[in-house]
Amino acid sequence: MGDQNDWQNGVRMDVTAYKKLILAEIAELEGLSKSSKSGRDPVILDQQSVGRLSRMDAMQQQSMDLAREQRRQQRLGILAAALQRIEADDYGYCLRCDEPIKPARLTIDPAVTICVSCAD
C-alpha cells in the first residue's frame with residue numbers, strides 16, 4: 001500500500017488532518033450516545049401516571065432513539081476501521097482498486113473506503 005507521506009494527485013496527503021477529523025467525529029458520536037441514553041431506557045407502563053397515547057408516543061420515541069444509537073454504533077465501527085488503516089499505513093487507498101482516494105473525497109468523509117470510480 002502507500003506511505004503516509006505519498007503524493008496524491010500532486011497534493012501531499014496529510015494523514016494527521018484526517019485522523020483529527022475521525023477522532024473529532026468519534027468524540028461527537030460518543031457524546032451524543034451518552035446524552036441520549038435516557039431516551040433508550042425502557043418505557044414505564046404505569047397507567048395511573050401516563051395515558052395510553054402518551055405511552056405509545058414514549059415507546060415510539062424509544063424505538064427511534066434505539067435506531068439512532070444503532071446507526072451511531074455502526075458509524076463508530078467504520079471510524080475505528082479507518083483509524084486502523086491509518087495505523088497500518090493503508091489509509092487513503094481504495095479497497096477495491098488500490099488506487100489513491102482523492103483528498104477532497106476524504107475530507108468529505110474521512111472514513112470512506114473506495115474511490116469515486118469504484119463507487120459507481
Side-chain angles (χ1 to χ4, degrees):
M1 293 281 166
D3 180 85
Q4 290 183 357
N5 296 321
D6 281 352
W7 286 81
Q8 292 188 18
N9 303 322
V11 179
R12 187 174 184 167
M13 188 172 159
D14 183 6
V15 175
T16 307
Y18 298 116
K19 187 173 183 176
K20 285 180 184 178
L21 288 172
I22 292 167
L23 292 173
E25 187 174 347
I26 287 172
E28 179 182 2
L29 290 171
E30 288 175 344
L32 286 170
S33 184
K34 188 180 284 187
S35 69
S36 68
K37 184 179 180 329
S38 65
R40 298 185 309 271
D41 288 342
V43 176
I44 298 171
L45 300 175
D46 181 5
Q47 292 183 357
Q48 293 179 356
S49 65
V50 181
R52 180 172 174 257
L53 290 177
S54 295
R55 284 193 315 276
M56 289 174 60
D57 286 343
M59 290 170 64
Q60 182 180 21
Q61 184 63 45
Q62 177 197 35
S63 178
M64 291 187 306
D65 288 343
L66 288 168
R68 274 191 289 271
E69 180 62 19
Q70 184 179 22
R71 286 191 303 275
R72 273 194 289 268
Q73 292 304 316
Q74 289 172 342
R75 181 65 180 169
L76 284 168
I78 291 167
L79 293 167
L83 287 176
Q84 288 176 344
R85 286 192 306 279
I86 288 173
E87 296 305 317
D89 229 10
D90 289 340
Y91 183 78
Y93 291 88
C94 179
L95 295 180
R96 291 189 186 161
C97 68
D98 204 30
E99 291 297 316
I101 299 172
K102 293 189 179 196
R105 183 164 169 82
L106 290 169
T107 300
I108 292 169
D109 182 359
V112 72
T113 59
I114 56 175
C115 67
V116 173
S117 299
C118 291
D120 291 335

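Residue numbers run from 1 in the order of the sequence given. Computed from a predicted model, the values in this text were never measured in an experiment.
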Colleague: Would you call K19 and E87 a salt bridge, taking side-chain N to carboxylate O under 4.0 Å as the test?
Modeller: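 Here K19 pairs with E87 in a salt bridge, since their nearest N and O are under 4.0 Å apart.
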Colleague: Using a 3.5 Å distance criterion without hydrogens, assess whether the side chain of R85 forms a donor-acceptor pair with backbone atoms of A111.
Modeller: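 Here the side-chain-to-backbone pair exists.
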Colleague: Closer than 3.5 angstrom, by distance alone: can the side chain of T107 be matched with the main-chain N or O of P103 as a donor-acceptor pair?
Modeller: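 Here the side-chain-to-backbone pair exists.
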Colleague: Treating R105 as the side-chain partner and I114 as the backbone partner, does any N or O pair qualify as donor plus acceptor under 3.5 Å?
Modeller: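 At least one qualifying donor-acceptor pair exists.
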Colleague: Where do L29 and L79 come nearest, in terms of heavy atoms and distance?
Modeller: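 Shortest heavy-atom contact: CD1-CD1, 3.8 Å.
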Colleague: Using 0.5 Å steps for rounding, measure from the SG atom of C118 to the CG atom of D98.
Modeller: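 That separation rounds to 10.0 Å.
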Colleague: Look up atom OG1 in T16 and atom CD1 in I86, then write down how far apart they are to the nearest 0.5 Å.
Modeller: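 Between T16 OG1 and I86 CD1, I get 8.5 Å after rounding to 0.5 Å.
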Colleague: Can you check whether C97 reaches C115 side chain to side chain, under 4.5 Å on heavy atoms?
Modeller: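 Yes, close enough: below the 4.5 Å cut-off.
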Colleague: Side chains of L83 and L23: does their closest heavy-atom pair fall under 4.5 Å?
Modeller: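 Yes, their side chains come closer than 4.5 Å.
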Colleague: Nearest 0.5 angstrom please: T113 OG1 to R96 CZ, how far?
Modeller: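 Here the rounded value is 7.5 Å.
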Colleague: Under the side chain to side chain contact (heavy atoms under 4.5 Å, CB included) rule, what do I108 and K102 come out as? Steps first, then yes or no, please.
Modeller: CA-CA 10 Å; I108 292 169; K102 293 189 179 196; over 6 Å; no
Colleague: Check L21 against P110 and note the closest heavy-atom contact, atom names and distance.
Modeller: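 Nearest pair, atom of L21 first, then P110: CB-CG, 3.9 Å.
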Colleague: Rounded to the nearest 0.5 Å, what separates atom CD1 in I22 from atom CG in D109?
Modeller: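 Result: 8.5 Å between the selected atoms.
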Colleague: With Q70 as reference, evaluate Q74, R68, Q73, R72 under the side-chain contact (heavy atoms from CB on, under 4.5 Å) test and give the passing residue.
Modeller: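 Among the candidates, only Q74 passes.
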